[in-house]
Amino acid sequence: MSFKTELWNNALEYLEDELSDFVFKEYFETSITPLAYENDTFFLQVPDEGNKILLEGQYAVLVENALKYYTQRYIKVKFVVASSNDMVYSENEAIDEIAAAEPKPSVEYNVYNTSYIQFNPKYTFDSFVVGPNNRFAHAASLAVADAPAKKYNPLFIYGGVGLGKTHLMHAIAQHILRKDPTKKVVLLSSEQFLNEFLDAIQNKTNVQFRNKYRNADVLLIDDIQFIAGKNETQNEFFHTFNALQGSNKQIILTSDKPPKEIPHLEDRLRSRFSLGLICDISMPDFETRLAILRKKAKEENYQVSNEILNYIAENIESNIRELEGLLLKVMALNEFYNKPLTLDLVKKQLKDIIDISDKKISMDLITKVVCDYYNISKADILSKRRTKNIAFPRQISMYLSRELTDSSLPAIGDYYGGRDHSTVIHGYDKIKEELKTNGTLEEEIKKITLEIKNSK
Ligand SMILES: Nc1ncnc2c1ncn2[C@@H]1O[C@H](COP(=O)(O)OP(=O)(O)OP(=O)(O)O)[C@@H](O)[C@H]1O
């Protein structure tokens with residue numbers, strides 16, 4: 001189907017809902033022919049001057065709204081009467097010539113790729129630095145981008161804040177479109193999905209909403225965890241998911257947690273999300289952080305010494321967005337002083353701008369994060385109670401207090417309910433021992449640690 005036909009058919013679905021049966025049938029359904037789409041103008045052929053006057057006077061804006069609904073951009077509508085002066089050529093010549101001149105479907109002309117304009121052109125595979133923390137997710141993303149719906153479906157990528165999930169999503173979408181611009185690629189956040197769904201209910205445009213998502217070739221939804229607990233949206237997404245899977249279309253999802261740990265997610269979604277490949281992105285090590293900084297500095301043509309890059313990479317451990325933010329600040333300083341920066345100056349100035357990780361992790365913070373994670377109260381963890389659901393998180397808190405703070409054993413014991421330092425050693429050793437064999441615990445502790453570092 002040509003682009004203009006696809007665009008018009010979509011617009012008709014919208015218009016059918018908006019117009020009375022009579023007007024729709026009489027003036028739109030069969031009497032308008034999409035002629036051509038050029039320079040953001042859609043030429044629609046109408047049978048006679050009377051129709052043209054009526055349509056221009058009363059319905060042009062509505063038609064433009066219908067087009068905007070599908071393309072998310074303003075497209076001007078021009079009604080032309082067959083074999084009138086509106087057409088520079090005779091009807092057949094015009095159609096033939098315009099059709100010949102009509103560009104082959106390209107990314108910009110693909111009605112589904114409205115979000116293309118919003119794809120971040122900087123988020124590509126080329127600009128993504130691969131390290132031990134993201135190697136698997138990167139390889140899986142590349143495999144999916146090269147051959148959508150052939151290997152891992154759905155592809156589920158999870159990881160902490162600012163670690164590159166959205167970057168990979170955009171890279172996949174843009175890679176697919178570059179290879180095949182006719183692919184219907186839809187990329188959005190789960191919040192946008194939810195909002196559009198609510199709008200569709202309110203405006204009675206459910207059919208258009210469904211068509212848009214259930215007819216996509218590739219659907220990428222960022223931060224899918226936000227639909228958890230929203231029953232209607234989960235239900236809608238469940239059917240979207242099934243429709244796409246049933247017709248062998250690619251689905252890619254990101255989240256901050258693996259499916260089994262997303263609270264309030266319906267079981268039927270949880271099990272579907274786990275059908276394909278689940279991969280995580282964890283915290284980057286020092287070398288990866290430094291490589292990312294170097295790449296960003298090069299991309300932006302920043303002149304910044306290795307010493308300063310090292311300093312930034314050493315101090316920001318858990319969030320690449322923050323790493324970039326700091327680099328930006330250094331560059332702002334550079335401009336301000338208008339001379340090469342020294343490490344001492346950067347250290348001094350950055351302390352004033354943001355309190356980089358010199359800020360200490362406190363036992364209070366550790367306790368808060370552990371309590372939130374295990375859903376117990378601070379009073380419980382500091383109490384003398386020894387039931388397993390409290391004693392175990394307490395031991396984890398002690399373990400983390402020893403690992404992440406400078407506090408002495410007696411100080412830790414004191415803090416956790418006036419316990420003896422030997423109790424702290426016992427708790428610490430127990431967790432350390434268990435970590436050697438218990439992968440789930442290792443994951444939990446990694447997550448808690450990340451949260452603590454992010455909350456500093
Ligand atoms: N491996 C990497 N190579 C280069 N840049 C990266 C890498 N990982 C992350 N980034 C950059 O870090 C920033 C944050 O990444 P992104 O927005 O993808 O994080 P996210 O995991 O989606 O976070 P959130 O959960 O907050 O949405 C982006 O500018 C991205 O380009």
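When a ligand or atom number is given, it counts from 1 through the structure's own listing order.
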Salt bridge or not for [X] and [Y], using N-O below 4.0 Å?
X    : Y    : value
E236 : R214 : yes
D146 : K151 : no
D267 : R270 : yes
D217 : K184 : no
E451 : K446 : no
D222 : K165 : no
K368 : D372 : yes

Point to revise | Proximal ligand 1 atoms for V161, defined as those under 4.0 Å from one of its heavy atoms | key: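 The atoms of ligand 1 under 4.0 Å from a heavy atom of V161 are 23 (O), 25 (O), 26 (O).
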Exercise for review: Taking only heavy atoms of G160 into account, list the atoms of ligand 1 that are under 4.0 Å away from them.
Suggested key: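 Checking each atom against G160, I get 21 (O).
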Check your understanding: Less than 6.0 Å separating the ring centroids of F197 and F209?
Key ->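 Between F209 and F197, which both carry aromatic rings, the centre distance is below 6.0 Å.
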Please write down residue, atom name and distance for the protein heavy atom closest to [atom].
atom                    : answer
atom 4 (C) of ligand 1  : S127 O, 3.3 Å
atom 10 (N) of ligand 1 : I320 CG2, 3.4 Å
atom 25 (O) of ligand 1 : K165 NZ, 3.0 Å
atom 28 (C) of ligand 1 : Y123 OH, 3.3 Å
atom 3 (N) of ligand 1  : V129 N, 2.8 Å
atom 27 (O) of ligand 1 : T166 OG1, 3.7 Å
atom 23 (O) of ligand 1 : G162 N, 2.8 Å
atom 15 (O) of ligand 1 : G164 N, 3.6 Å

Check your understanding: Within 45° of the ring axis of Y416 and under 6.0 Å from its six-membered ring centre, is that where the NZ or CZ of R394 lies?
Key ->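 Verdict for Y416: no cation-pi partner in R394.
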Point to revise | Aromatic F238 / basic R272 pairing, under 6.0 angstrom, 45° off normal | key: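 That pair does not qualify as a cation-pi contact.
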Check your understanding: Among Q225, E322, R321, H167, which residue places a heavy atom closest to atom 31 (O) of ligand 1?
Key ->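 Comparing heavy atoms across Q225, E322, R321, H167, the nearest one to atom 31 (O) of ligand 1 lies in H167.
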Between [X] and ligand 1, which residue portion shows a heavy-atom distance shorter than 4.0 Å: side chain, backbone, both, or neither?
X    : result
N134 : side chain
K296 : side chain
E324 : side chain

Practice item. Please indicate whether any nitrogen or oxygen in F128 is less than 3.5 Å from any nitrogen or oxygen in ligand 1. Key: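 In this structure, F128 places no N or O atom under 3.5 Å from an N or O of ligand 1.
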Point to revise | Heavy atom of I292, distance to ligand 1 below 4.0 Å | key: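 It does; at least one heavy atom falls under 4.0 Å.
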